[in-house]
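Structure first, then comments.
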Amino acid sequence: MLLNITRPGQQAIYRLRPTEGEDSYGDPVKTWDPPARFRLRGAELQRVAVGVAESETERPSGDTLRNVRRLFVPSAVSLTAEDRIEADGEVWRIDGKPEVRRGLAMSVYTSAYVRRVEGLHG
């Protein structure tokens, strides 16, 4: 029996990864139909402060800030730039290189910036 240990109000966040499929010639290809789903326990999508996720030459617009988040996972997890993140039915693309950090106060955590996309291929 599985227990739901999600805190009330906490969203379920999943790492999506392409799976192996075949093209029309029978050759192996990566496909998002369906993706492999992995629950990121304790993960959060955090809002990004103005200017943090943008270069100094760009001024972030309200639209940009709505479409950028910081993924925080309180453990070391395998994330690549090819992965997607799903939270509350929305899909986010990893933007940059995910980092696993080891700190004195928080032990190990993984973080990455993510951008909202339309569908899995965005």
*Check whether any side-chain heavy atom of Arg39 sits under 4.5 Å from a side-chain heavy atom of Arg41, and report yes or no.*
yes
*asked:* Less than 4.5 Å apart, side chain to side chain, heavy atoms only: is that true for Leu16 and Arg37?
replied: yes
_Taking every non-hydrogen atom, the tightest pair across Glu20 and Thr31_ = C-CG2, 4.2 Å
*Is the backbone of Tyr25 close enough, under 3.5 Å, to the side chain of Asp23 for a donor and an acceptor to pair up by distance?*
yes
*Enter the distance from Arg101:CZ to Phe72:CZ here, rounded to the nearest 0.5 Å.*
11.0 Å
*Nearest heavy-atom pair of Leu45 and Ile13: which atoms, and what distance?*
N-CD1, 3.8 Å
*Side-chain contact test, heavy atoms from C-beta onward, threshold under 4.5 Å: evaluate it for Arg69 versus Arg47 and give yes or no.*
yes
*With a 4.5 Å heavy-atom cut-off, do Arg17 and Ser78 have their side chains touching?*
yes
*Looking at Val100 and Ala76, what are the two nearest heavy atoms and their distance?*
CG1-CB, 3.8 Å
*Measure across Val77 and Thr110 and return the closest heavy-atom pair with its distance rounded to 0.1 Å.*
N-OG1, 3.1 Å
*Looking only at heavy atoms, which two atoms of Pro74 and Gly42 are closest? And how far apart?*
CD-O, 3.4 Å
*Should Val73 and Tyr14 be regarded as members of a common hydrophobic cluster, given that ILVMFWY residues are connected when their side-chain heavy atoms come within less than 4.5 Å of each other, either directly or indirectly?*
no
*Would you mind reporting whether Ile94 and Ile85 have side-chain heavy atoms less than 4.5 Å apart?*
yes
*Can you get from Phe38 to Tyr109 by hopping between Ile, Leu, Val, Met, Phe, Trp and Tyr side chains that sit under 4.5 Å apart?*
no
*State the CG-CZ distance between Asp83 and Arg15, to the nearest 0.5 angstrom.*
5.5 Å
_Contact summary for Ala43 and Leu71, nearest pair of heavy atoms_ = CB-CD1, 4.2 Å
